[in-house]
Amino acid sequence: MILLFSIGFLEVSWVDIFDIMLVSVLLYQVYKLMRGSVAVKIFLGVLSLYLLYLIVRALQMELLGLILGQFMGVGVLAAIILFQPEIRKFLLLVGKTTDFNKGDFWNNLFIWKKRAAKETYNITPIIEASKTLGGSNTGALIVISKDSELKFYAESGDIIDAQLSKRLLLSIFNKYSPLHDGAVIVFKGKIKAARCVLPVSESDSLPAQFGLRHRAALGMSEVTDTIVLIVSEETGQFSLARNGKLTHNLSPQELRKKINDYLHSEEQKEAKEEEVVEKETSKIKGEAKAGI
């Protein structure tokens, strides 16, 4: 171990600095995960109790220390029970960011295998249906996924597996339709399911004028890599939820652009990387010819 410096009897190495940085990043991510929810107050309460326990031990107050020690002894179990929703959300986020849930994961292990081209489809039926629904102040909730069928959430509703069309979306979200209450899941140009139940966000940052439909869209975007379209029943306005952030009062043109950006983000990134590689290759070939 390489010694970096020492503070009195405490020796600090590069590994210690790296360890502190990792813990700082982890604590910051935990804070971001719990920010705006009641879990922050619970966490501060548990932290205060632990600090009190340390002070009681330092002052050698045996009776109070024994009582607090019993709470600290089951601290891990209590944390799992108290923070169960946050732990579940954290694990879902970890699963969302890993490449194991993508179909081309094994292709990525071999650099000589070209990445399979993703299927594209026309999102005009979604935009046109949203315009009609917004014009009649009919609420709608549409989850658009590019990587996963979201089977867990699809099975909470009614499986449809039909080709995406404006008329079908209007039929589903008709106020007198038995399927209108819930979300529609769209994957690879097909309506996979309707009347789906989505996880509700517990964030306190959502303005009071947004109801359960917006909160469900925000919750879905927090735990999955999806983009969720909301048509407000009260105002007819369009909103989009992605990565735990809500963008509201969008025009149909903005809807189309943001959904297309989401669907084609990886292709655009890959195209830019290939363009950079080609330029570098051409540059090297040019320098080689100049040298000859």
Side-chain angles (χ1 to χ4, degrees), residues 85 88-89 92-93 95-96 101 121 123-203 206 209-250 252 255-256 258-259 262-263:
R88 182 175 180 273
K89 188 185 296 184
L92 284 169
L93 286 173
K96 182 179 76 170
N101 62 340
Y121 58 90
I123 63 168
T124 298
I126 298 176
I127 305 301
E128 293 300 320
S130 300
K131 288 164 64 176
T132 303
L133 292 167
S136 60
N137 279 29
T138 303
L141 192 57
I142 303 174
V143 180
I144 303 169
S145 175
K146 64 178 177 179
D147 292 322
S148 172
E149 294 184 32
L150 304 173
K151 288 185 179 180
F152 176 79
Y153 298 103
E155 289 172 356
S156 68
D158 296 319
I159 303 298
I160 294 179
D161 199 23
Q163 198 65 33
L164 178 64
S165 71
K166 173 184 175 181
R167 285 177 294 182
L168 183 53
L169 287 172
L170 292 178
S171 298
I172 291 172
F173 289 113
N174 184 288
K175 293 180 181 179
Y176 301 102
S177 168
L179 298 176
H180 83 282
D181 189 15
V184 159
I185 294 177
V186 176
F187 177 64
K188 288 187 177 181
K190 286 190 173 184
I191 299 176
K192 304 301 292 185
R195 205 177 59 84
C196 300
V197 179
L198 305 184
V200 178
S201 174
E202 296 180 1
S203 175
L206 198 66
Q209 68 264 27
F210 296 124
L212 188 60
R213 186 176 283 113
H214 290 81
R215 192 169 287 278
L218 193 64
M220 187 67 172
S221 71
E222 288 174 348
V223 299
T224 61
D225 184 18
T226 58
I227 189 167
V228 188
L229 167 62
I230 313 103
V231 181
S232 174
E233 189 173 355
E234 288 77 17
T235 63
Q237 293 180 341
F238 309 130
S239 304
L240 282 175
R242 186 183 179 190
N243 294 329
K245 295 181 180 178
L246 189 69
T247 308
H248 57 91
N249 197 17
L250 297 171
L255 277 183
R256 183 183 295 274
K258 288 183 179 295
I259 294 173
Y262 162 75
L263 291 173

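Along the sequence shown, the residues carry numbers beginning at 1. Predicted model, so just to flag it, every value in this text is computed and none were measured.
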message: Filter on ring pair (Phe, Tyr, Trp, His ring centres under 6.0 Å), then keep only pairs touching residues 210-234, sequence neighbours left out; what's left?
response: Phe210-His214, Phe210-His248

Distance-only check: which donor-acceptor pairs under 3.5 Å involve side-chain atoms of residues 165-174, not counting sequence neighbours?
residue: Ser165; atom: OG; partner: Leu168; partner atom: N; Å: 3.2
residue: Ser171; atom: OG; partner: Arg167; partner atom: O; Å: 2.8
residue: Asn174; atom: OD1; partner: Tyr176; partner atom: N; Å: 2.8

message: Once side chain to side chain donor-acceptor pair (under 3.5 Å) is applied, do any residues pair with Ser232, and if so which ones, sequence neighbours excluded?
response: Glu234, Thr235

Glu128: partners by side chain to side chain donor-acceptor pair (under 3.5 Å), with sequence neighbours left out: none

message: Just to verify, what does Ala216 make a side-chain contact (heavy atoms from CB on, under 4.5 Å) with, not counting sequence neighbours?
response: Leu141, Leu198

- line: His180 meets the ring pair (Phe, Tyr, Trp, His ring centres under 6.0 Å) criterion, sequence neighbours left out, with none

Spacing of CG belonging to Leu255 relative to CD1 belonging to Ile127, to within rounding of 0.5 Å: 5.0 Å

Where at least one partner belongs to residues 154-163, residue pairs that pass side chain to side chain donor-acceptor pair (under 3.5 Å), sequence neighbours excluded: Asp158-Arg195, Asp161-Lys192

task: State, yes or no, whether a side-chain contact exists between Val231 and Phe238 at a heavy-atom distance under 4.5 Å.
output: yes

query: Is any side-chain heavy atom of Thr224 less than 4.5 Å from a side-chain heavy atom of Phe152?
result: no

task: Starting at OG of Ser136, measure out to CD of Glu233 and round the result to the nearest 0.5 Å.
output: 9.5 Å

- request: Using the test salt bridge (Lys or Arg N to Asp or Glu O under 4.0 Å), find all partners of Arg215 that sit at least two apart in sequence or belong to another chain.
  value: none

- prompt: Going from CD1 on Ile230 to CD1 on Ile142, what distance comes out if it is rounded to the nearest 0.5 angstrom?
  reply: 10.0 Å

field: Main-chain N/O of Lys146 paired with Tyr262 side-chain donor or acceptor, under 3.5 Å
entry: yes

- prompt: Partners of Thr247 by side chain to side chain donor-acceptor pair (under 3.5 Å), sequence neighbours excluded?
  reply: none

field: Separation of Leu229 CG from Ile259 CD1 (nearest 0.5 Å)
entry: 5.5 Å

- prompt: Can you check whether Ser221's main-chain N or O pairs, donor with acceptor, with Thr226's side chain at less than 3.5 Å?
  reply: no

statement: Distance col, row Lys188:NZ vs Asp147:CG, nearest 0.5 angstrom, shows 9.0 Å

